[in-house]
Amino acid sequence: GRPTVSNDNLSDLPAWVLDPNVEDGVAGVGIANPSKGGLRFQIPAAELDAKANIAATIQSEMNRITKEALRSANVNGADDVENFFSQATKEVVKNLPLSGVKRINIFKANDGTLYVHMVLRKEDYSEFLDNSRNNLAASLQKSGLSRDNIDKSEAASKAIFDELDKERGL
């Protein structure tokens, strides 16, 4: 038989495990399985997991917003532009200041599983987005795209970062 998650288990978990979102930043939960080595091993593993989840959240947010921005900048079908943005957003996420991610909650369940709640605060995220905006602008100039596509891409880029700011209430 499959193991069933009984609601008893869930009700023992803090609310943030099921809904990590916070007002003032991008948050994620990391989970580490029970370990003979105890917390010493579990904490770094869970924190790494949380950071990966935060990065994934930001990546998918960027992908979605980028698609919309490129559509409205009328660059559909311009493969070179789409490739540029696909590379650029990967770069952006690669440069996420994950060192700025702080642990705000930690919980150990009865079965030994460890949960951590981590957040990249608004001000760190905001500074990161400003840097990314500038880096993107610089790489656009060096991109070898046509002038027209650079103009469209600049418009798309502005739309992307404005939307990211807006969604995060920056």
Q: Please report the shortest heavy-atom distance between Ala69 and Ala159, naming the atom on each side.
A: CB-CB, 4.1 Å
Q: Kindly state each residue pair satisfying salt bridge (charged side-chain N to carboxylate O under 4.0 Å, His left out) with at least one member in residues 126-136, sequence neighbours excluded.
A: Arg133-Asp162, Arg133-Asp165
Q. Given Asn135 and Glu91, is the side chain to side chain contact (heavy atoms under 4.5 Å, CB included) satisfied, shown in steps?
A. CA-CA 10 Å; Asn135 293 344; Glu91 276 302 302; over 6 Å; no
Q. Are any non-hydrogen side-chain atoms of Asn21 and Trp16 less than 4.5 angstrom apart?
A. no
(Q) Ignoring hydrogens and geometry beyond distance, is a side-chain donor-acceptor pair present between Glu82 and Gln87 at under 3.5 Å? (A) no
Q | Counterpart residues, salt bridge (Lys or Arg N to Asp or Glu O under 4.0 Å), relative to Arg40 (two or more places apart) | A | none
Q) Would a hydrophobic clustering, with Ile, Leu, Val, Met, Phe, Trp and Tyr connected at side-chain separations under 4.5 Å, put Phe41 with Met118? A) no
Q) Closest approach of Thr66 and Thr89, non-hydrogen atoms and distance? A) OG1-CG2, 3.5 Å
Q. What distance separates Asp24 CG from Lys122 NZ, expressed to the nearest 0.5 Å?
A. 6.5 Å
Q | Donor-acceptor side-chain pairing of Thr113 and Asp111 below 3.5 angstrom | A | yes
Q: Supply the atom-to-atom distance Leu145 CG to Asp80 CG, rounded to the nearest 0.5 angstrom.
A: 5.0 Å
Q. With a cutoff of under 4.5 Å between side-chain heavy atoms, which Ile, Leu, Val, Met, Phe, Trp and Tyr residues group with Leu48?
A. none
Q) Can you tell me if CD on Glu23 sees more than 12 non-hydrogen neighbours from other groups inside 6.0 Å? A) no
Considering only distance and modelled atom types, tabulate donor-acceptor pairs under 3.5 Å from the side chains of residues 99-109, sequence neighbours left out.
unit_1: Arg103; atom_1: NH1; unit_2: Glu47; atom_2: OE2; d: 2.7
unit_1: Asn105; atom_1: ND2; unit_2: His117; atom_2: ND1; d: 2.9
unit_1: Lys108; atom_1: NZ; unit_2: Gln42; atom_2: OE1; d: 3.4

Below 3.5 Å, can you tabulate the donor-acceptor pairs from side chains in residues 50-64 to any protein atom, sequence neighbours excluded?
unit_1: Asn53; atom_1: ND2; unit_2: Val29; atom_2: O; d: 2.7
unit_1: Asn53; atom_1: ND2; unit_2: Asp49; atom_2: O; d: 3.2
unit_1: Thr57; atom_1: OG1; unit_2: Asn53; atom_2: O; d: 2.9
unit_1: Gln59; atom_1: NE2; unit_2: Asn63; atom_2: OD1; d: 3.0
unit_1: Ser60; atom_1: OG; unit_2: Ala56; atom_2: O; d: 3.3
unit_1: Ser60; atom_1: OG; unit_2: Thr57; atom_2: O; d: 3.2
unit_1: Glu61; atom_1: OE1; unit_2: Arg168; atom_2: NE; d: 3.4
unit_1: Glu61; atom_1: OE2; unit_2: Arg168; atom_2: NH2; d: 2.9
unit_1: Arg64; atom_1: NH1; unit_2: Glu167; atom_2: OE2; d: 3.3
unit_1: Arg64; atom_1: NH2; unit_2: Glu167; atom_2: OE1; d: 3.0
unit_1: Arg64; atom_1: NH2; unit_2: Glu167; atom_2: OE2; d: 3.3

Q) Heavy-atom distance under 4.5 Å between the side chains of Leu114 and Ile31, does that happen here? A) no
Q) Under a 4.0 Å N-O cut-off, is there an ion pair linking Glu68 with Arg71? A) no
(Q) Under a 3.5 Å distance rule, please check whether Ser157 uses its side chain to pair with a backbone N or O of Ser153 as donor and acceptor. (A) no
Q: Output all residues satisfying side-chain hydrogen bond (donor to acceptor under 3.5 Å, both in side chains) with Ser86, sequence neighbours left out; order by chain, then residue number.
A: Lys90
Q) Going only through I, L, V, M, F, W and Y residues with side-chain contacts under 4.5 Å, is there a path from Val26 to Val22? A) no
Q | Pairwise distance CG(Asn95) to CG(Asn131) - rounded to 0.5 angstrom | A | 9.0 Å
Q. Hey, are the side chains of Ile150 and Ser143 touching, using non-hydrogen atoms and a 4.5 Å cut-off?
A. yes
Q.
Check for me, please, whether Tyr125 and Val119 land in the same ILVMFWY cluster - side-chain distances under 4.5 Å, paths through other members count.
A. no
Q. Looking only at heavy atoms, what is the nearest atom pair of Leu96 and Phe128, with distance?
A. CD2-CE2, 3.5 Å
Q) Can you check whether Phe161 reaches Leu136 side chain to side chain, under 4.5 Å on heavy atoms? A) yes
